[in-house]
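Notes follow once the structure below has been shown.
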Amino acid sequence: MNTLTETVSETKHHIPFETIASEKLTPVRKSAIDTFNNIGFPTSKDEDWKYLDLSPIKNTPFNHRAAACTNLTASEIEKYKIAGTDAVTLVFVNGVYCAELSTPHKADTFSIEFIETDNALQWFGKLAATEHQPFIALNTAFHHEGLFIHIKKGMEVKQTIHLLHLNDARQEAVAAHPRNLVVAENNSKVQIIATYHSLNHFPSLTNSVIEFFVGENAFVEYDVKQDENEKALQINQVYAQQKRNSVFDISTVTIGGKLVRNNLHIELAEPGCTAHLNGLTVAGENQTVDNHTLVDHASPNCESFQLYKNILDDDAHGVFNGKIFVRQDAQKTNAFQSSKNVLLSDNAVMNAKPQLEIYADDVKCSHGATTGQLDEEALFYFRSRGIGKKDALALLNYAFAGDVIEKINNDAMKADLLKQLAQKLRTDIEFEV
Amino acid sequence: MLSIKNLKANIEDKEILKGLNLEINPGEVHAIMGPNGSGKSTLASVLAGRDEYDVTGGEVVFKGEDILELSPEDRARKGIFLAFQYPIEIPGVSNANFMKTAVNEVRKSKGLAPLDSKEFLKLMREKMQLVQVDKTMTQRSVNEGFSGGEKKRNEIFQMAMLEPELGILDETDSGLDIDALRIVSDGVNALRDGKRSFIVITHYQRLLDYIVPDFVHVLYKGRIVKSGTKELALELEEKGYDWIKEEVEI
Ligand SMILES: Nc1ncnc2c1ncn2[C@@H]1O[C@H](COP(=O)(O)OP(=O)(O)OP(=O)(O)O)[C@@H](O)[C@H]1O
Ligand SMILES: [Mg+2]
């Protein structure tokens, strides 16, 4: 087995795509590999990646073509499902769609097919360009059996669509490259959730890319839970393009994973769009979680709201880099951004950096970042009522974090996250949620 | 019930309490008055266990046990309650959840089973009535956006829920309108059962018309310099503190 870099260099000469059903993407894959071999992995000199130590990704001999579905059974998948939904669950094992483990889906409101169909290819890669983006290049080269989810015009999808990602690195180090595409036609409405899990005896890498095309007046909510374990690395790239008067809401909740990097790129392409970006990280030990957002206000009368919170314990490292780009034409833009962070230990580190680039003159933009220790006054108030220090902390942190989760519209996902949050914050307090 | 002997306490190396003595028996109400900055809130905080204050001398015995080494939560579980002069706001934690956690923690420390949701609601409803707190207030986050008077009323509601043996009310009357003053006082009086004791810190004699104290003390420069019965409060109302300051300086 080779390191990733070697694997890629090798495939430059011989590309083993015989396992892939369709040959349609072969030229795209080849050119993605060329791109990757030209630019290579980001280094610490690269401004956008400077806080991340990518050596675990560079130096691990991952298998990029690990078996799909492995020998997992439906009952092993069950525990990753979200209680209280009759969701359409689409299971991806090692990045590859696994029909046996997924919910059969037949609906009038949407269709699902493989990404390598002509229908999908008119959209594929239009937002997630490979130039300057080594991880997108790798994903574009190696993705396998991703899905194209097409929400039909004027339709509301009543069921939640759950993209359930599981990396199975019990036998070997595995790199998964999930690649999905969502097109929500005009006046449609859908709630999609994505959860990421891993089984590790060996390290795993999830290098995920998803593109959203949000039509006029469409409403798309995308809620992400990153819950991989301590040997897992994840690079997660979400792209969305919004048409007139559409709404795109995304919440990213990160509780697991050794190294997690989220790149979120939203283009408000036409007037009247709204985007909400919410993020919550609860990290400890030596976890690193890096959220990079880019909201591109390319059109007038659009609004964006960002709220990112981190609770960092032990040696955890949090990064928030929020870029708001307001183009010259984008008058009457409202763009708000807030990063709030709590450090529970002296060794935890938070780097929060807003970046505003504003070329229009009639805009309302604001940003703020606060990083603090725990609130001693509040702690004393709790303790004076008989609530012990540990429980008081748990309640305070739960309240701080819950604020983000409350913004999620999908009730089942919200309940799932609140429950997991209560566990993560090590409280046996019974919460009424 | 509570015996404070020669208590000395510092904050940031500045001595605030300078040898304070106070004896409280079960069922008694002690009013503490005194000029601004004399150390009344400091005394309340030290009794509740706030760790910004360094106790440099003396002892505080509550129900036969020296409590100075106990954590704030352990003191609360043993029955000490402080109604804060400035209650803080806690966004994101509902009053009801907060109280349920607190009540059950106190019960647990006494070896009692936790209240289930139904029992808790019943208790809460009963106590809400006592201080006329309405339902929306219990559903809201603790003190968040409450008016000054609502915060004070909420403190007394919490006290009623936790049923302490010693209630310390730090200027609970300030910020209350005339009706609220009566409601809160009635609530406190309803909790007077001949065993429960109170320390009532106030600047105004009027409160003591409603909550009639057994003793009135004047705290000045970190010591109790004068004690008397409720008539002392009337005298202070009339004459101010100068005459006491003069007595002390001699
Ligand atoms: N955190 C602190 N740092 C420095 N000095 C403090 C601090 N807290 C209290 N003090 C000082 O301690 C003294 C006593 O304050 P305390 O709050 O006990 O007074 P008080 O009698 O309650 O006054 P009031 O009637 O105004 O409420 C004051 O001089 C005050 O400035
Ligand atoms: Mg005071």
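Just the heavy atoms: all of them, side chains too, but no hydrogens, waters or symmetry mates, feed the values below. In what follows, chains carry the letters A, B, and so on, assigned in the order in which the sequence lines appear, proteins first and then strands, with residues in each chain numbered from 1.
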Original post:
Should the pair K78(B)-E65(B) be classified as a salt bridge under the 4.0 Å nitrogen-to-oxygen rule?
Top reply: yes
**OP:** Among T85(A), D411(A), N410(A), find the one that has a side chain to side chain donor-acceptor pair (under 3.5 Å) with T160(A).
**Re:** N410(A)
**OP:** Identify which part of D116(B) has an atom lying under 4.5 Å from any heavy atom of chain A, answering side chain, backbone, both or neither.
**Re:** neither
Original post:
Measuring heavy-atom distances to chain A, does E89(B) have an atom under 4.5 Å in its side chain, in its backbone, in both, or in neither?
Top reply: neither
Subject >> Residue selection (most heavy-atom pairs with chain B, distance under 4.5 Å) from E406(A), K389(A), R383(A), E377(A) >> reply: R383(A)
Original post:
Just by distance, with hydrogens left out, do T274(A) and H276(A) show a side-chain donor and acceptor under 3.5 Å apart?
Top reply: no
Original post:
Among P87(B), P91(B), S71(B), A76(B), which residue forms the greatest number of heavy-atom pairs with chain A at distances under 4.5 Å?
Top reply: A76(B)
Original post:
So which pairs with a foot in residues 97-119 of chain B pass ring-ring contact (aromatic ring centres under 6.0 Å, His included), sequence neighbours left out?
Top reply: Y381(A)-F98(B), F382(A)-F98(B)
Original post:
Relative to chain A, which segment of V142(B) carries a heavy atom at a distance below 4.5 Å: side chain, backbone, both, or neither?
Top reply: side chain
Original post:
Between F84(B) and F380(A), how do the two ring planes meet: parallel, tilted or perpendicular, split at 30° and 60°?
Top reply: perpendicular
Original post:
Does any heavy atom of chain A fall under 4.5 Å from the side chain of R75(B), the backbone, both, or neither of them?
Top reply: neither
